[in-house]
Trainee: 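My questions will all concern the structure given below.
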Amino acid sequence: MSQFSIYISVPDYLHQWLKNEYWNPETARVEFPRGSAPRAVMQSLLSKCPRVDLSHHDHSGEIPVEVPTFKGINPRLYNHLPEAGKKALVSTIKRMFHHMMWRELSPLFTHDVQITDVIYAFMDRHGIERTEKNWETIRQMYHRMRKKTALQES
């Protein structure tokens, strides 16, 4: 296990989901499992830390993510993820969330269920706070996914 972390900014619902699903309380950071897409992104895009002093950077609002140890990549040297790499990592995390959401919610909507209840139950199960903003964000995401699927099927 590496002692290094990178910090990323994600929307509130993702921050809460990451803490619920991947948080290691002992290290106080997100740790993705081996073979996961976020680890593949990091393995490909980690670079040597630039010579500028980043130690005074304010990480409030950001979530720490473990810099894993990869074969042939020393985390003491390769522990920096440039901005483009952070965007790729966040994009990958969002796609993981979308896949999980689709997998869990799509079977429910073939039945006559109240969307409000289903979304709130989904949020409760994954540690996402019951705020109007989180609910509307997830509802909109799911609505777009259903609409896209319906267009592809027709």
Trainee: Go through the structure and list residues passing ring-ring contact (aromatic ring centres under 6.0 Å, His included) with F32, not counting sequence neighbours.
Mentor: Y22
Trainee: Quick one, E129 with D12, criterion side-chain contact (heavy atoms from CB on, under 4.5 Å). Give me CA distance, side-chain angles, the key distance, then yes/no.
Mentor: CA-CA 9 Å; E129 290 179 28; D12 288 342; over 6 Å; no
Trainee: Measuring only between side-chain heavy atoms, which start at C-beta, is Y120 closer than 4.5 Å to D117?
Mentor: no
Trainee: Return the minimal non-hydrogen interatomic distance between N74 and R76, and the atom names on each side.
Mentor: OD1-N, 2.8 Å
Trainee: Would you check, one step at a time, whether the test side-chain contact (heavy atoms from CB on, under 4.5 Å) holds for M42 with Y78?
Mentor: CA-CA 10 Å; M42 286 188 278; Y78 294 89; over 6 Å; no
Trainee: Can you find a heavy atom in the side chain of S60 that is under 4.5 Å from one in the side chain of Y7?
Mentor: no
Trainee: List the residues meeting side chain to side chain donor-acceptor pair (under 3.5 Å) with S5, not counting sequence neighbours, and say none if there are none.
Mentor: R29
Trainee: Supply the atom-to-atom distance E31 CD to W23 CH2, rounded to the nearest 0.5 angstrom.
Mentor: 9.5 Å
Trainee: Taking the six-membered ring for Trp, are Y13 and F97 ring centroids under 6.0 Å apart?
Mentor: yes
Trainee: Within this structure, what is the CD1-NZ distance for the pair I8 and K86, rounded to the nearest 0.5 Å?
Mentor: 8.5 Å
Trainee: Would you say that H143 contacts I115 through its side chain, given a criterion of any heavy-atom pair below 4.5 Å between the two side chains?
Mentor: no
Trainee: Report the C-alpha separation of I6 and L89 in whole Å, then their side-chain angles, then the decisive distance to 0.1 Å, and conclude whether the side-chain contact (heavy atoms from CB on, under 4.5 Å) test is met.
Mentor: CA-CA 11 Å; I6 56 167; L89 180 60; 3.7 Å; yes
Trainee: For H80 and C49, which heavy atoms make the closest approach, and how far apart are they?
Mentor: CB-CA, 3.6 Å
Trainee: Could you pull out all residues at least two apart from W102 that satisfy ring-ring contact (aromatic ring centres under 6.0 Å, His included)?
Mentor: Y142
Trainee: If you take all heavy atoms of S47 and P82, which pair is closest and at what distance?
Mentor: OG-CD, 3.9 Å
Trainee: If the condition is salt bridge (charged side-chain N to carboxylate O under 4.0 Å, His left out), which residues does D124 pass it with, not counting sequence neighbours?
Mentor: R130
Trainee: E136: which residues meet the salt bridge (charged side-chain N to carboxylate O under 4.0 Å, His left out) condition with it, sequence neighbours left out?
Mentor: R139
Trainee: Taking only residues two or more places apart in sequence, or in another chain, which ones meet H15 in a side chain to side chain contact (heavy atoms under 4.5 Å, CB included)?
Mentor: V10, K19, I63
Trainee: Within a reach of under 6.0 Å around NE2 of H99, are more than 12 heavy atoms found that belong to other residues, nucleotides or ligands?
Mentor: no
Trainee: Tell me the closest heavy-atom pair linking P38 and I93, and the distance in Å.
Mentor: CG-CG1, 4.4 Å
Trainee: Looking at CD of E21 and CG of L14, how far apart are the two atoms once the value is rounded to the nearest 0.5 Å?
Mentor: 11.5 Å
Trainee: In chain order, what residues pass the side chain to side chain donor-acceptor pair (under 3.5 Å) check against N134, with sequence neighbours excluded?
Mentor: Q16, T131
Trainee: Could you tell me the separation between the OG atom of S106 and the CZ atom of R146, rounded to the nearest 0.5 Å?
Mentor: 9.5 Å
Trainee: Applying side chain to side chain donor-acceptor pair (under 3.5 Å), name anything that partners R34, two or more places apart in sequence or on another chain.
Mentor: none
Trainee: If the condition is side chain to side chain contact (heavy atoms under 4.5 Å, CB included), which residues does L45 pass it with, not counting sequence neighbours?
Mentor: V41, L81, A88
Trainee: Going by side chain to side chain contact (heavy atoms under 4.5 Å, CB included), name the residues that satisfy it together with E26, two or more places apart in sequence or in a different chain.
Mentor: N24
Trainee: Verify, without hydrogens or angle tests, whether S44 (side chain) and A40 (backbone) share a donor-acceptor contact under 3.5 angstrom.
Mentor: yes
Trainee: Evaluate the side-chain contact (heavy atoms from CB on, under 4.5 Å) criterion for residues M145 and L105: first the C-alpha distance (whole Å), next the side-chain angles of each, then the deciding distance (0.1 Å), finally the verdict.
Mentor: CA-CA 11 Å; M145 292 170 79; L105 295 183; over 6 Å; no
Trainee: Return the set of residues passing side chain to side chain donor-acceptor pair (under 3.5 Å) with T116 (not counting sequence neighbours), or none when no residue passes.
Mentor: none
Trainee: Please name all residues satisfying salt bridge (charged side-chain N to carboxylate O under 4.0 Å, His left out) with R125, sequence neighbours left out, ordered by chain then number.
Mentor: E104
Trainee: Below 4.5 Å, heavy atoms only, C-beta onward: do M101 and H98 meet side chain to side chain?
Mentor: yes
